[in-house]
Amino acid sequence: MRRDLARLANETFDALVIGGGVTGACIARDASLRGLSVALVEKKDFANATSAHNSKLIHGGLRYLRNFEIGLVRESLRERRNWQRIAPHLVQPLSFLIPLYNAGFKARTTLSVGLNLYDALSFDRGWLDDPAERLPGHRWLDKKRALAEEPMLDGAGFEGSFRYYDAQMYAPERLALECILDAAEHGAAAANYLTAESFLLREGRIEGAKLRDLFDGSTFDVRAKLTILAAGPWADLFLNSALGKPTTHKLLRSKGIHLLVPAITRSDALTVAAGSGHFFVLPWRGLSLLGTTDTAFHGDPDSVHATQSDIAEFIAFIAKYLPEAKLTRDKVRFAYAGLRPLVDEGTGNTYDASRRAELVDHKSDGVDGLLSAIGGKWTTSRALAETVVDAAVAKLATKAAACSTATTRLPGGHIERRNEFFADQKKTYPRIATDHLARLYGSRLSDVVANQTANLLSAIASTGDVGAQVLFAIREESALTLDDVVMRRTGIGQLGDPGNATLEAVAALMAAELGWSDEYKNEQIGFVAQNYRIVQDRAA
């Protein structure tokens, strides 16, 4: 998949999707699989913001039960199973423990009732062909059994733990990317680093958008019968600017930060009650991912990042409610922040705000030919896309195939038995870190390593990533910057600072492939290094 700017500039599409996060990716995939001609544009890199900077969970939303959002929980649990089915390399079961400290009979009983309802709503959790993907129901572990499983839980007043199951994404940015790759395989024209500057408006109808290429500054128009905005936290801001007036639907932006630290638990995730909220301790790639905060954000969405005070406050919060973690500032290897785009219901409360999604037809704002998908959550993005494309087909008054995205495997998801697949990859490619690479690429791993020289199959970073991935990212996955490769196409930069030597090695491969000057290559290295400075500057 490469940027085909000539096609974008010269073809009239059925649908133009603005926004290359997971929502836009799922919309483009669904529409393409149904036979519509689709253009997808993203102002930076695909899945570079909210879709990557999250807790990496595909989950039913156990806590939503307390707000009686039964429908949202059921939808989320159904979609959890769908993601497991179509992307078994990137979405896998995860065991959670909910430790109870001085909880007492009433609190334990209340939680038990909630988990029983959660199990009932996920009645189809075993409806998968691969036994390794089927999720058990919850159970109670008494103090002795729980401590045998996770000794670090031993603290004052510990009573035991409930165990339940959800699912985890190995790389959410790659899961979104595979949706775009699948859309491209079915005819979509997808391009990153194209920012939509304005709509093409004629006689009250939107007919596409004016785009600017962020690499050379050139502009051109892309025309479409229908435009679909899937801009996440930027949606209402873009609409207000492009339409020249406030829209009827607004977003509440919620900031969440995550910390990556040495492993705290043996193998389980933890859901830890914390006052009126909670946080997660999630095992991920041999480390623990701690998340997340939930605070209203009123600044420029492009400026969001994890600050020193964010990190310090979150560490103090975790120390208060899980002192057994013994978390200190020097253990933080990496930190990142993302924004949740929540439908604004006027409360201003981000934690209790619904994670529901809305489809908006902007006839209510005086224009036709424009739909917006706002709100929602990662887990339900495929279902939201189905709703959006149903509406798009109706507005286009055209015939289209039925939605098939819940059962059609993603490009790397052609795996019948997950455990057998990973074992086979180790035998087939004994020289490379196949656990990691097989998780990233699934059944596409053979495409990554095919016909590569020995030096390109050698590790280029301590993470086990290899040089062949860099070339594959450029040639097949529209990677255009060092940040694209290090942070989203591979796992090189996601476990903390990979070091200058690694960045130099990756940049050298990219420079040779893309014709970069030494000056531009060094600019790219400097930009990526900024990702780690907030963590490195421990004295601030």
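Every heavy atom of this structure was used, including side-chain atoms; hydrogens, water molecules and symmetry mates were not.
- Within the 3.5 Å criterion, the main-chain N or O of Ile86 finds no donor-acceptor partner in the side chain of Arg409.
- Contact of the Thr490 side chain with the Val506 side chain is not registered, since no non-hydrogen atoms from C-beta on lie closer than 4.5 Å.
- Contacts of Trp378 classified as ring pair (Phe, Tyr, Trp, His ring centres under 6.0 Å), with partners at least two apart in sequence or in another chain: Trp83.
- In terms of the salt bridge (charged side-chain N to carboxylate O under 4.0 Å, His left out) criterion, residue partners of Glu358 (sequence neighbours excluded) are, by chain and number, Arg356.
- Judged purely by atom type and a 3.5 angstrom limit, Ser95 has no side-chain atom pairing as donor or acceptor with the backbone of Tyr165.
- When each of Gln168, Lys56, His258 is checked for a side-chain contact (heavy atoms from CB on, under 4.5 Å) with Leu282, only Gln168 meets the rule.
- Looking at every heavy atom in both residues, Leu5 comes nearest to Ala191 through CD2-CB, 4.3 Å.
- For the side-chain hydrogen bond (donor to acceptor under 3.5 Å, both in side chains) condition, the pairs that include at least one residue of residues 118-137, sequence neighbours left out, are Arg74-Asp124, Arg81-Asp124, Gln84-Glu133, Tyr118-Asp166, Asp119-His138, Ser122-Arg125, Glu133-Arg418.
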Could you go through Lys43 and Asp302, starting from their C-alpha distance and side-chain angles, then the distance that decides it, and tell me whether this counts as salt bridge (Lys or Arg N to Asp or Glu O under 4.0 Å)?
CA-CA 11 Å; Lys43 71 172 185 175; Asp302 286 313; 3.2 Å; yes
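- Taken to the nearest 0.5 Å, the CG atom of Leu135 stands 4.5 Å off from the CZ atom of Arg80.
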Exercise answer: donor-acceptor pairs, residues 222-232 side-chain atoms, under 3.5 Å, sequence neighbours excluded:
| from | atom 1 | to | atom 2 | distance (Å) |
| --- | --- | --- | --- | --- |
| Lys225 | NZ | Asp14 | OD1 | 3.3 |

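- Ile374 and Ala235 get closest at one heavy-atom pair: CG2-CB, 4.2 Å.
- Between the side chains of His436 and Thr463, no donor N or O sits under 3.5 Å from an acceptor N or O.
- Counting heavy atoms from C-beta outward, Thr292 and Phe280 have side chains that stay 4.5 Å or more apart.
- Under the 4.5 Å side-chain criterion, counting only non-hydrogen atoms from C-beta, Leu40 is not in contact with Ile27.
- For residues 168-178, the pairs satisfying salt bridge (charged side-chain N to carboxylate O under 4.0 Å, His left out) are Arg174-Glu477, with sequence neighbours left out.
- Although no hydrogens or angles enter the test, the distance criterion places a donor-acceptor pair under 3.5 Å between the side chain of Asp465 and the main chain of Gly491.
- Residues forming a side chain to side chain contact (heavy atoms under 4.5 Å, CB included) with Ala438 (at least two apart in sequence, or on another chain): Phe421, Phe422, Gln425, Leu445.
- Using a 30° and 60° split on the angle between ring planes, Tyr336 and His53 fall in the tilted class, from 30° to 60°.
- Atom CZ of Arg66 has more than 12 neighbouring heavy atoms from other residues, nucleotides or ligands inside a 6.0 Å radius.
- With hydrogens and angles disregarded, no donor-acceptor distance shorter than 3.5 Å links the side chain of Ser55 to the backbone of Leu57.
- Within the model, atoms OG1 of Thr271 and CZ of Phe279 stand 10.0 Å from one another, a figure rounded to the nearest 0.5 Å.
- Residues passing the side chain to side chain contact (heavy atoms under 4.5 Å, CB included) test with Ser198 are Lys210, sequence neighbours excluded.
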Check the pair Glu513 / Arg475 against salt bridge (Lys or Arg N to Asp or Glu O under 4.0 Å), numbers first and verdict last.
CA-CA 9 Å; Glu513 181 74 11; Arg475 296 169 182 174; 2.9 Å; yes
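- In this structure, Pro233 and Pro301 approach most closely via the heavy-atom pair O-CG, 4.0 Å.
- For the pair Ser51 (side chain) and Val22 (backbone), a donor-acceptor distance under 3.5 Å is present.
- A salt bridge (charged side-chain N to carboxylate O under 4.0 Å, His left out) check over residues 237-255, counting only residues at least two apart or in different chains, returns the pairs Asp236-Arg253, Lys255-Asp310.
- Here the shortest heavy-atom pairing between Ala176 and Ala47 reads CB-CB, 3.8 Å.
- Side-chain contact between Leu482 and Phe527 is absent, with no heavy-atom pair separated by less than 4.5 Å.
- When the ring pair (Phe, Tyr, Trp, His ring centres under 6.0 Å) test is applied to Phe215, the partners found at least two apart in sequence or on another chain are Tyr193.
- What you find for Ala400 and Leu36 is that their closest heavy atoms are CB-CD2, 4.5 Å.
- Screening residues 15-37 for salt bridge (charged side-chain N to carboxylate O under 4.0 Å, His left out) gives Arg29-Asp182, Asp30-Arg34, Arg34-Asp390 as the qualifying pairs, with residues at least two apart or on separate chains.
- Remark: the backbone N or O of Lys44 is not paired with any side-chain donor or acceptor of Thr195 at under 3.5 angstrom.
- The line from CG of Leu121 to CG of Leu72 is 11.0 Å long, rounded to the nearest 0.5 Å.
- No side-chain donor-acceptor contact under 3.5 Å links Arg3 to the backbone of Ser478.
- Residues meeting the salt bridge (charged side-chain N to carboxylate O under 4.0 Å, His left out) test with Arg489, sequence neighbours left out: Asp45.
- Ser254 contributes no side-chain N or O that, together with a main-chain N or O of Asp294, makes up a donor-acceptor pair within less than 3.5 Å.
- A distance-only check finds a donor-acceptor pair linking the side chain of Asn531 to the backbone of Val528 [under 3.5 Å].
- Residues satisfying the side chain to side chain contact (heavy atoms under 4.5 Å, CB included) criterion with Thr379, sequence neighbours excluded, are Ile58, His59, Ser76, Glu79, Lys377.
- Taking all atoms of both residues into account, the shortest heavy-atom contact from Pro246 to Asn240 is CA-OD1, 3.3 Å.
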